[in-house]
There are 4 protein chains.
Amino acid sequence: MSQTLAPPRRRQKEARPQQLLDAALELFVEKGFAATRAEEVAQRAGVSKGTLYLYYASKEDLLKAVIREQLSTRIAAGAVHVERHRGSVAALLRDVLSRWWLEVFDSPTSGVFKLIVSEVRNFPDLAEFYQREVVQPGEQLISRVVQRGIDNGEFDAVDVSLVVHSLVLPMVMLCTYKHSLGACPGHDEHFDPRSFIGGHIDLVIRGLLRHGGRPPAAPRGGRGCRP
Amino acid sequence: MSQTLAPPRRRQKEARPQQLLDAALELFVEKGFAATRAEEVAQRAGVSKGTLYLYYASKEDLLKAVIREQLSTRIAAGAVHVERHRGSVAALLRDVLSRWWLEVFDSPTSGVFKLIVSEVRNFPDLAEFYQREVVQPGEQLISRVVQRGIDNGEFDAVDVSLVVHSLVLPMVMLCTYKHSLGACPGHDEHFDPRSFIGGHIDLVIRGLLRHGGRPPAAPRGGRGCRP
Amino acid sequence: MSQTLAPPRRRQKEARPQQLLDAALELFVEKGFAATRAEEVAQRAGVSKGTLYLYYASKEDLLKAVIREQLSTRIAAGAVHVERHRGSVAALLRDVLSRWWLEVFDSPTSGVFKLIVSEVRNFPDLAEFYQREVVQPGEQLISRVVQRGIDNGEFDAVDVSLVVHSLVLPMVMLCTYKHSLGACPGHDEHFDPRSFIGGHIDLVIRGLLRHGGRPPAAPRGGRGCRP
Amino acid sequence: MSQTLAPPRRRQKEARPQQLLDAALELFVEKGFAATRAEEVAQRAGVSKGTLYLYYASKEDLLKAVIREQLSTRIAAGAVHVERHRGSVAALLRDVLSRWWLEVFDSPTSGVFKLIVSEVRNFPDLAEFYQREVVQPGEQLISRVVQRGIDNGEFDAVDVSLVVHSLVLPMVMLCTYKHSLGACPGHDEHFDPRSFIGGHIDLVIRGLLRHGGRPPAAPRGGRGCRP
DNA sequence: AATGAATGAGGGTTCATTCAT
DNA sequence: AATGAATGAACCCTCATTCAT
């Protein structure tokens, strides 16, 4: 009688794009782009099929908007965490890096990594986009940190690019893993990505720290570590 | 031991499924399962659309056969490399592990990792399959190697599971990367996965090697490495 | 004679339907009814989509209003030209008829012929409408003129209905042509419909004028003109 | 029991295109291109929706194929009728021309005229096609005939282009009329296009025949026929 | 065993129409 | 009266699958 909950189904032009982007990110990550129906996205965003097309010209456009939004507003934002840090490089890698990664890992943003992996070959302009917005700035950021550690004598004179990838690839993999095998019932509950990240960074740091001039020498790219 | 040569007349017939599997692996990895048309697979295998359905009851069946074949005959096969090895654990990780990974990386088999990542959530029985055939045996294998290193005093008493993932995740990521961003024109040519694998293993080994009882202590899972 | 000026404030409101009708005529003629979007009509009329539906219950209603308006206020209006005329029948056909046709041809009204041709079969009540409002009065009008020419001895005793159609069909065709091929870039610029109309009427008049009892006799419907 | 009529629904690759073209011509002419559903065409051709797309890449492609087929195989073919004729020009116009027109008029081919009129503005390349395949050859053909009549003294020295259009436009109009108003229930049953064509040609011929040098002079393009 | 013509359910997209503002 | 966000039926086209040959 009191119609307390009138379906507020109209006039939300401002909110629509974000609702659609959120729904689309979830579904594209979960099922893949091709296997997600436009109507599903609309439904999860709480609107009708037609409404989606008021905001995005096509399903492909929606995909690109999803990626673009994640890259420009979320991943890039993470950089400040690192820039703000003051203190030892080891502490930076250990605390700040891992904290930032966990934030990404715990947010829906982690899904973009799976999305990029799965879809980039069908939409090649995503590649350039991702390289420019994520890979390059991310690698530069961490490179500078590692280089700082070498310069101030904390680390051996290792191959910086190698270290960057050794640090980062597992984290990227964890994000994609989270949305693939990690989301399947009966996957390895034993493995905890959160504690892994800390441990992994520590392990790499152990490999970086000066070994007091004694062997093994610092690996530099190729087949180092020879006695 | 004997009749290794199939009679030439029948070879064609028996080769069909393999041609189809190869074509399907390529295409599913490249474009994703949903975006690959059954007819494309047939075409690339050199047969007609109808023929595909003589061998596989549905496109989904074909996918599962592809995965099953890769897992049972290729990835698992790699394990022997490791089992056969005798010598220091560091050398095992450095040489044999990296050699085996490169073999996988350079073969079409590397594609299954991307395939699994992209498709498990739509076909959940793949998950159990992959866990059972790849994750568990793989982790056990490497765990035993690392444990051997701890037992014989080469390594500090680290968290074995952590090390396994720190070793393996980048390699898995490299395989999926190879078939996504790595296959796009204009990706970072600078980064060489082959040299990375060796360097990465060395870096982790440096983290494992005994640090003479002096700090930093061995990381054990969580937030170790505190002063 | 009086209040020709509507109060300016209300003019807008009353002008709306006319703006919509004009826009609709243009677009329906140009693209066809089914291929014209209601929103386009509104846009060209300078109003919003919703406003269109304040004045017309549906797109089909709008079509019928367009036709009805053209037929009742424009084409029919032309008839007076003819009725007012006094003088020889040949002169009437030559001057007045051609002048009236040119007026129609040069106005947007010419489009209705294309519209009728293209759309009657999908909206059969247009047919009866058009027959009653245009075909019948038009034919009667010209029939009377031609009959007058026969009665006063200017013309041979030809089949009146034949002459009417011979006179009129090319003009109708010119109107539809103007809005189809005639509006396409690269159509025959050589052909000038305006001069054609005069020439055509003259040519038909030559066929009507008494041939002084000499053959060929006047055609009467079927296969006349025999020696 | 005796399954006398097995539905011969398969394997008719050869016949399909023609069946589809015939069905499409009918429906496009009847309802217009935009208002015809692809599935309707398929149904009328006795096949399923998907089959249509085995033969034509899109509905638009089908339209163009329909036009192309009609123009190249039917209308153009008519020219030979005229070329073969030997005899007086008046007889040629009267008998052969009218006979050929009736053939066109009575066949489904007559529909292309309505189709062109209705659709050409939405598919501009049809215009060039129609100009090249129909208008130009058709006008040249009849022009030569009329010129022959002038040259051999049968006709006055009239404006040839004018005569051609005076002859042809009514016929084109009849064809389009047949498929629009002419197909509506309750149209003017009184008017018989078949007898009209003969009568019309005769009437024009009367206008062409030499008037013994006495007035009215031959119309030449503009406003001739002045005393 | 192999083919490829045929099918028809399914999904992307459009657009006439409605209605809260 | 006017707007334009929202709806959802309808339509074009695709493609997994079947089956007569």
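Fair warning: this is a prediction, and the values are worked out from it, not measured in the lab. Protein chains get the first letters and strands the later ones, always in sequence-line order, with residue 1 at the start of each.
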| Under 4.0 angstrom between C:T51 side-chain N/O and F:dT3 OP1 or OP2 | yes

| task | Under 4.0 Å between any heavy atoms, over every strand shown, what does A:Y55 touch: base, sugar-phosphate, or nothing? Just pick one. | result | sugar-phosphate

| Whole-Å gap separating P (E:dG12) and CG (A:L27) | 12 Å

| message | Is any side-chain heavy atom of B:V117 closer than 4.5 Å to one of B:F113? | response | no

| remark: Between OH of D:Y53 and P of F:dA16 the distance, given in whole Å, is 18 Å

| said: Which residue is it: D:I67, D:V112, D:L71, D:D125? I am looking for the one with a side chain to side chain contact (heavy atoms under 4.5 Å, CB included) to D:Y130. | reply: D:L71

| Roughly how many Å is it from NZ in C:K49 to C1' in E:dA16, rounded to a whole number? | 9 Å

| said: Rounding to an integer number of Å, can you tell me how far B:L63 CG sits from F:dT17 P? | reply: 12 Å

| request: Using heavy atoms to find the nearest nucleotide of DNA chain F for D:E60 and C:L54 separately, return the residue whose nucleotide is more 5′. | output: C:L54

| query | Is A:E40 paired with A:R44 through a side-chain N to carboxylate O contact shorter than 4.0 Å? | reply | no

| request: Nearest whole angstrom, please: distance from the P of F:dG4 to the CZ of A:R16. | output: 17 Å

| C:L63 and C:L126: CA distance, side-chain angles, deciding distance, side chain to side chain contact (heavy atoms under 4.5 Å, CB included) verdict | CA-CA 10 Å; C:L63 172 67; C:L126 290 184; 4.3 Å; yes

| task | Starting at atom NZ of D:K31, determine the distance to atom P of F:dC11, rounded to an integer number of angstrom. | result | 9 Å

| field | B:G50 or D:G50, whichever maps to the more 5' nucleotide of DNA chain E | value | B:G50

| field | Interatomic distance where CD belongs to D:Q43 and C1' belongs to E:dG8 [whole Å] | value | 12 Å

| field | Axial bend angle, the helix from E:dA2-F:dT21 to E:dT21-F:dA2: five-pair end segments, nearest 10° | value | 0°

| Backbone of C:L21 reached by a side-chain donor or acceptor of C:E69 within 3.5 Å | no

| query | Taking the nucleotide of DNA chain F with the closest heavy atom to each, which residue, A:V47 or B:R37, is nearer the 5' end? | reply | A:V47

